[in-house]
Structures are given as C-alpha cells and as structure tokens.
Protein chains: 2
Amino acid sequence: MATTSMKDVARAAGVSVGTVSNVLNRPEAVAEETRTRVLAAIGELGYVRNDSARQLRAGRSRTVAVVVLDVANPFFTDVVRGAEPLIESAGGVVTVCDSGEDVRRERRHLEILEEQRVLGLLITPVDDSSASWIERLSGHDIPLVLVDRGAGRHPHCSVAVDDVHGGRLAAGHLVEAGHERIAFIGGPTSIPQVADRLAGCRQVCEESGTHLEVYTTAGLNFAAGREAVEQMLGREDRPTALFCANDLVALGALQALTMHGVKVPHECAIVGYDDIDFAAAAAVPLSSVRQPRSQLGRTAAQLLFDEIAEGEGHTHRNVVFQPELIARASTSVDAS
Amino acid sequence: MATTSMKDVARAAGVSVGTVSNVLNRPEAVAEETRTRVLAAIGELGYVRNDSARQLRAGRSRTVAVVVLDVANPFFTDVVRGAEPLIESAGGVVTVCDSGEDVRRERRHLEILEEQRVLGLLITPVDDSSASWIERLSGHDIPLVLVDRGAGRHPHCSVAVDDVHGGRLAAGHLVEAGHERIAFIGGPTSIPQVADRLAGCRQVCEESGTHLEVYTTAGLNFAAGREAVEQMLGREDRPTALFCANDLVALGALQALTMHGVKVPHECAIVGYDDIDFAAAAAVPLSSVRQPRSQLGRTAAQLLFDEIAEGEGHTHRNVVFQPELIARASTSVDAS
DNA sequence: CCACATTATTGAATCGTTTCATGAGGGGGT
DNA sequence: ACCCCCTCATGAAACGATTCAATAATGTGG
C-alpha cells in the first residue's frame with residue numbers, strides 16, 4: 001500500500017481533509033468530539049504528515065543549515081551545539097553540512113540547500129570565492145549569518161572572533177617568554193581566519209623584532225601539523241616556538257616533535273588555537289587561544305531569527321567576540 | 001517578487017512547462033535549439049528547482065540520514081565520511097543527525113525523518129528501546145541499515161564490529177602484561193556496544209582469575225572518564241590497569257590520572273577503544289582497539305543501496321568486522 | 001419568531017514539479 | 001498519394017498538504 005494521506009484519514013474519520021488539517025495545525029478550532037475521532041483515525045492508520053507537501057505549500061522549509069569547514073573539528077561541533085537549542089525551540093530543524101574546506105563541496109551543498117528552500121543559513125565560508133554564491137542565496141531571500149567571518153565587510157549579519165587580536169595574544173605570549181625565533185604553521189592562507197591569525201602574529205613579531213617563519217599547510221588538521229614539523233626539523237637554526245593556526249595542527253605538530261625527541265616546551269614551545277577539549281589532555285597540555293564557541297553559535301542563531309522576524313526593515317548586525325589566551329604546560333617557562 | 005518557477009521560465013522561453021522539465025531531466029529528448037533557449041531563460045531569471053515539489057511528486061526524498069550517537073566522537077565522523085562518497089555518487093544527499101545518546105532526541109529525529117520521507121537510514125540505535133521506532137520506520141517502507149549494532153538479532157541489514165571480541169582483546173592484552181586488578185570504565189550499560197565490550201572483558205577476567213571492577217558512567221565522553229577516575233582514586237587497593245569503553249573516556253581518564261600524579265603506564269595502564277586520531281597523540285600514546293571505521297560506513301551505505309535496488313525480494317545481510325588491538329605506550333611493560 | 005452572532009465544517013484553489021497520453025510536423029518507402 | 005514512423009512539444013492530471021471564503025448548525029437577545 002502506498003503511504004496513507006490525509007484523504008485516507010479524512011475518509012476513515014468521516015470528515016473532510018480540511019478538518020484533518022485543522023486537527024493537526026489548529027486543534028483549538030475543532031470540536032472536541034471530532035478531534036478525538038480524527039486523532040483515533042490517525043493512530044489507527046499510522047498516518048505521518050508529508051513534509052514535502054507541507055513545504056511546497058508553505059514555500060519554505062523549516063530547516064536551518066549550518067555549513068562548517070570541518071565537522072571533525074570540535075570547534076565547529078561546539079558552535080553547532082550552541083546554535084541548536086535556539087533553533088529547535090523555535091520549531092526549526094538543524095542540518096549540518098561539511099564543506100571540508102573545499103569550495104566545490106561547499107558549492108554543492110549551497111546548491112542543494114537553495115533547492116530545498118531552507119529557512120536560513122549559518123555559514124563559515126571557505127574563502128573569498130564563496131562570496132558570489134553567498135550573495136546569490138541572499139538575493140534569493142535566504143537569510144544568512146556569517147560565522148566566524150566577515151565582521152563588517154559583507155552586507156550580512158555576522159558573528160566573529162577577533163582573530164587578529166588572537167594572533168597577537170599568541171605571539172605576544174611567546175615573545176614575553178623570551179622566544180626570538182617563532183614559526184607559524186597553518187593554511188591555506190586563503191582561509192581568512194588563518195590570514196588574520198597570521199597577521200596578528202606578524203604585527204607582534206615586527207613590533208618586537210622577532211624572527212618569524214611561516215609554514216603554509218594545505219589544511220587545518222592533524223596531518224598538516226605533523227608534516228610541517230617534519231619539514232621544519234630538516235632545517236638548521238630552527239624556531240624555538242610554534243604558533244599553530246588551530247589545535248588540531250598543534251596536536252599534530254606536538255606529536256611529530258615528541259616522535260623526534262624534541263622536548264616540549266623547553267626545546268620548542270607551542271601555542272594552539274581554539275582550546276578544544278583535547279588541548280588540555282594532550283601529551284603536553286597545550287596553551288591555546290580560546291574562543292567562545294557555543295556562544296558564537298547561539299548568537300548566530302539569534303541573529304538569524306531576528307533577521308527572519310524583522311523582515312524587510314532589518315539592519316544587519318555584526319557581533320565580535322574577543323578571544324582569550326589559556327596558558328598551559330606547552331609554553332611554560334619554568335618547566336625547563 | 002516571489003521565487004521564479006518553471007512557469008516563468010516556460011513563458012520567457014516561449015515553451016510549455018513540460019518542456020522545461022524535460023530540459024532539466026531528460027535533455028536528450030529536447031531539440032538542441034529549444035534546449036539552449038530554455039537554459040538561457042533559466043540563467044536569465046536565476047531559476048532554482050523547488051525540491052519540495054519534486055519530492056512531493058516523486059514520493060521520496062533523495063536524502064540518506066545517518067543517525068549517530070555523538071557527532072563529536074571521531075569514530076562516528078569517520079563512519080559518516082566512509083559512507084558519504086557512495087551515497088553522493090548515487091545522487092543522494094547525506095544528512096547527519098546526532099542523537100546524543102538520548103532516546104528522546106533520537107525519537108524526535110526519527111519523527112522528522114519519517115515526515116521527510118527519507119530515502120534510507122543508517123542508524124546506530126541508542127538502546128533497545130529504540131527498536132519499536134525502528135520497526136515503525138521499517139514498516140513504513142523506509143529501508144535502513146543498523147550500524148555497529150544488531151548482528152543477526154534484528155530483521156535488518158547491519159554492519160557491526162565484534163565488540164565482545166574487542167573486549168577480549170583489550171582484557172587479554174592487560175592480563176598478558178601481568179595485571180591482576182583491572183577496572184572497566186564506561187556506560188551506560190544499556191548501550192549494547194558498552195555491554196558487549198564489558199562482556200568480552202569479563203570473560204577473559206573470569207577465565208584467568210583476574211579481579212575486575214566496573215565503573216559505570218552516564219555517557220561515553222571526556223568528562224565521564226575524568227569523573228570515574230576521581231572516584232576510583234578515593235579507594236584503596238586500586239586497579240593497576242583500566243579498560244575504557246572508548247577513547248574519549250580513556251583520554252579523560254588519562255588526564256585525571258596525570259593530574260593526580262599517577263604515572264601511566266607503570267602505575268596504571270590504560271586501553272581505550274576506537275583508536276581515534278587523538279589516541280596516538282595523547283599525553284601517553286594510547287593503546288586502543290581499532291575498528292575499521294570508514295569501511296563500516298562504506299559497507300553500510302552499500303547494503304542500503306542494495307536493499308533499495310533489490311526491493312521486495314531482498315534478504316537482509318549482516319556484516320561483522322573483527323577489531324584489532326593497537327599497542328602503544330599506555331600499556332607498555334618495558335616503560336617502567 | 002426573526003435577526004444576528006458564534007462556532008464547526010466543508011470544498012475548492014493553490015503551491016511547483018513530473019509524467020504521460022496526445023498531437024503536430026516531417027521525411028521515407030511503396 | 002498514402003501510410004507509417006520518428007522526433008519534439010504540449011497540456012492536463014497527479015502528488016499531499018494548507019488556507020480561506022462560504023455555508024450549515026446552533027444559540028441569544030429583542
């Protein structure tokens with residue numbers, strides 16, 4: 001048998017489809033006696049609403065999509081978790097899309113989301129080339145909030161963390177500890193977060209006359225950190241401290257250093273970024289720049305619903321959070 | 001302006017909607033000249049297909065949902081990544097739902113997925129109470145594959161890892177290393193994986209006359225491991241080795257032990273489960289039971305599509321993989 | 001007893017696709 | 001000329017819900 005529809009329920013309960021619909025959507029407008037009869041029929045037939053039909057009529061789905069750079073990165077899972085409660089309590093459904101830092105994957109997701117007529121979008125764009133697609137969605141009346149990106153530069157709501165400041169915090173911490181050769185590991189630099197963190201780091205190094213080497217990686221993951229360190233260890237006169245663009249890279253770097261017998265922190269200090277749970281539990285507890293992850297998600301969801309509610313007369317808001325440095329053993333001076 | 005529909009495109013190109021549909025779905029059935037004209041109109045108007053209408057007509061969506069216990073757990077992200085390529089190459093769309101080990105959340109997801117008429121489902125059920133819901137979906141013609149659960153017990157396709165064997169491997173490894181007091185940390189035991197791993201562990205302990213203590217936790221995460229260890233340290237005569245139900249728990253335990261100055265491995269050894277990337281990079285590289293994660297996902301997707309393709313005359317298959325023990329420093333005997 | 005609210009239900013139009021039977025226009029073959 | 005076949009394009013009928021104007025049924029007050 002094909003799936004049962006409202007028509008079947010209506011027939012079984014001896015009412016019209018309009019009434020069945022009312023029972024489901026505005027139960028108070030239906031007489032007690034009728035309502036129970038309809039509900040009974042629904043139970044009996046195992047009827048399940050067809051969301052496609054609902055959406056078609058409504059013109060929009062109730063899905064809010066969150067497009068992130070890497071679902072395996074705890075930073076993003078925390079952002080998502082921060083956003084979920086608000087979305088769900090507003091009757092929305094959350095779907096997470098992983099762009100994997102790949103513009104093509106991102107585009108594919110956006111195409112599908114557009115066809116699905118999603119209610120709204122929280123997105124961390126892969127890089128600047130994503131902009132045209134984002135404008136397209138926005139032009140098609142899909143409200144969106146940029147996450148961790150685009151403070152003020154784009155005509156959209158956004159939440160972000162001041163990554164330049166974060167870079168300064170990290171580098172400043174290392175310079176204060178007396179390091180004179182610092183390496184930055186991270187990439188690709190087309191990712192704005194990476195570029196900003198590096199920029200902040202560079203500022204501090206230039207101000208203090210500290211030598212800075214940059215190791216550009218292809219991604220922000222475990223393997224990237226490991227490979228960068230392998231490459232670095234070949235050189236003479238190697239840096240005494242690393243600033244890694246995120247904690248995954250830092251953990252990879254830490255692992256490679258340990259494997260090659262380089263002692264952290266006193267032969268080489270490390271600062272990461274994001275302060276994920278694993279950072280504190282690493283071989284050497286990792287100093288890291290902490291971002292208010294779940295707050296980032298919550299605020300993003302809030303901005304999205306504000307935009308939806310306000311409609312036409314909406315003015316975009318850009319919320320910027322300040323990061324915070326958490327010092328741990330990986331940069332400890334007295335651990336020597 | 002409302003979103004532009006096929007009707008608008010048809011008008012602009014001077015053809016009927018049927019033809020526009022053909023251009024999109026069976027371009028070879030449309031004359032070259034007409035096709036380009038229609039495509040031009042589509043580009044001009046910025047037309048985007050409406051998926052709700054499509055699905056309504058088709059009766060099914062092209063979404064395959066993967067319902068996992070915890071998206072933040074690298075085990076599951078790897079399973080998902082393993083499944084994705086196959087699903088996407090078959091024209092499907094993947095959506096990941098996080099039940100958070102909570103039956104109520106799981107149920108909410110299943111309700112929504114059913115309303116969405118998903119193409120199929122890969123699911124790791126929270127516990128046995130999920131069964132009735134799963135049967136319901138299955139009865140409503142939604143094909144599904146159980147992941148990491150239900151080898152043979154349920155009337156469905158499934159992929160799984162022999163967790164009892166995994167538990168035996170872990171415990172056997174510790175017993176061989178000479179440990180005589182072992183603690184198992186994990187929970188809730190309503191999760192079948194946890195129960196099986198414990199069962200395997202218990203078998204070995206009984207066979208070898210090894211003392212076993214069980215610390216039941218509320219979840220399989222970082223904090224759970226930390227808390228269990230806090231509790232354990234209060235006791236006298238504490239175990240000399242831990243077997244943790246997964247790596248997150250193990251890392252939490254490791255962190256707590258280190259914080260209290262207990263040396264791993266020689267004051268207390270640890271074996272984890274899953275062999276996630278972080279395991280190798282932990283404070284003390286973690287011995288762990290490795291499961292073929294992405295293969296699990298790939299096979300699950302394969303089984304799902306087989307079931308969809310075979311239709312009525314389908315007979316369920318249950319694939320079981322064998323886990324493997326990876327020994328690292330956290331159980332090393334000569335590291336004393 | 002009539003006019004008038006009030007409340008509960010109905011039926012039809014609508015959302016945007018896909019699908020399929022139907023038909024129009026052209027060649028070829030006989 | 002006639003018939004058949006082919007290629008393209010058409011128009012209308014689904015799909016399953018929501019919404020709203022129209023009605024039916026009931027009660028209220030004058």
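Note that the structure is a prediction, hence the values are computed from the model and not measured.
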Point to revise | Residues forming a side chain to side chain contact (heavy atoms under 4.5 Å, CB included) with B:S52, sequence neighbours excluded | key: A:Q55, A:L56, B:N50

Practice item. For B:R49, enumerate each residue passing the side chain to side chain contact (heavy atoms under 4.5 Å, CB included) test, keeping only those at least two apart in sequence or located in another chain. Key: A:E115, B:L24, B:N25, B:Y47, B:R54

Exercise for review: Output the residues of residues 27-45 of chain B in contact with DNA chain C, where contact means a heavy atom of the residue under 4.0 Å from an atom of the strand; sort by number or write none.
Suggested key: none

Reported [atom1]-to-[atom2] distance for the pair [X] and [Y], which is rounded to 0.5 angstrom:
| X | Y | atom1 | atom2 | value |
| --- | --- | --- | --- | --- |
| B:I191 | B:L69 | CD1 | CG | 6.0 Å |
| A:T63 | A:D51 | OG1 | CG | 7.5 Å |
| B:N73 | B:R293 | CG | CZ | 9.0 Å |
| A:I87 | A:L122 | CD1 | CG | 5.5 Å |

Exercise for review: Output all residues satisfying side-chain hydrogen bond (donor to acceptor under 3.5 Å, both in side chains) with B:T19, sequence neighbours left out; order by chain, then residue number.
Suggested key: B:S16

Exercise for review: Using only side-chain N and O atoms of B:T19, determine if any of them is under 4.0 Å from OP1 or OP2 of D:dT10.
Suggested key: yes

In whole angstrom, what separates [X]'s [atom1] from [N]'s [atom2]?
| X | N | atom1 | atom2 | answer |
| --- | --- | --- | --- | --- |
| A:K7 | C:dT10 | NZ | C1' | 16 Å |
| A:R60 | C:dG16 | CZ | C1' | 15 Å |
| A:D51 | D:dC15 | CG | P | 19 Å |
| B:N50 | C:dT18 | CG | C1' | 13 Å |
| B:R11 | D:dA9 | CZ | P | 19 Å |

Review point. Would you call A:R81-B:D70 a salt bridge at under 4.0 Å N-O?
Key: yes

Exercise for review: In plain terms, say whether B:E88 and A:R105 are close enough for a salt bridge, that is, a side-chain N and a carboxylate O under 4.0 Å apart.
Suggested key: yes

N/O-N/O pairs, protein side and nucleotides 18-22 of chain D side, under 3.5 Å:
unit_1: D:dT18; atom_1: OP1; unit_2: A:N25; atom_2: ND2; d: 3.3
unit_1: D:dT18; atom_1: OP1; unit_2: A:R54; atom_2: NH1; d: 3.0
unit_1: D:dT18; atom_1: OP2; unit_2: A:S21; atom_2: OG; d: 3.0
unit_1: D:dT18; atom_1: OP2; unit_2: A:N25; atom_2: ND2; d: 3.0
unit_1: D:dT18; atom_1: O2; unit_2: A:R57; atom_2: NH1; d: 2.3
unit_1: D:dT19; atom_1: O4'; unit_2: A:R57; atom_2: NH1; d: 3.2

Exercise for review: Taking all non-hydrogen atoms of both residues into account, name the closest pair between B:T315 and B:E310 and its distance.
Suggested key: N-OE1, 4.3 Å

Check your understanding: So, the side chain of B:H109 versus the backbone of B:S99: is there a donor-acceptor pair under 3.5 Å, distance only?
Key -> no

**Study point:** Net bend of the helix from C:dC1-D:dG30 to C:dT30-D:dA1, end axes of five pairs each, nearest 10 degrees
**Key:** 60°

Study note, to complete from the structure: Looking only at D:dT10, C:dG11, C:dT17, the nucleotide nearest the B:Y47 side chain is C:dT17

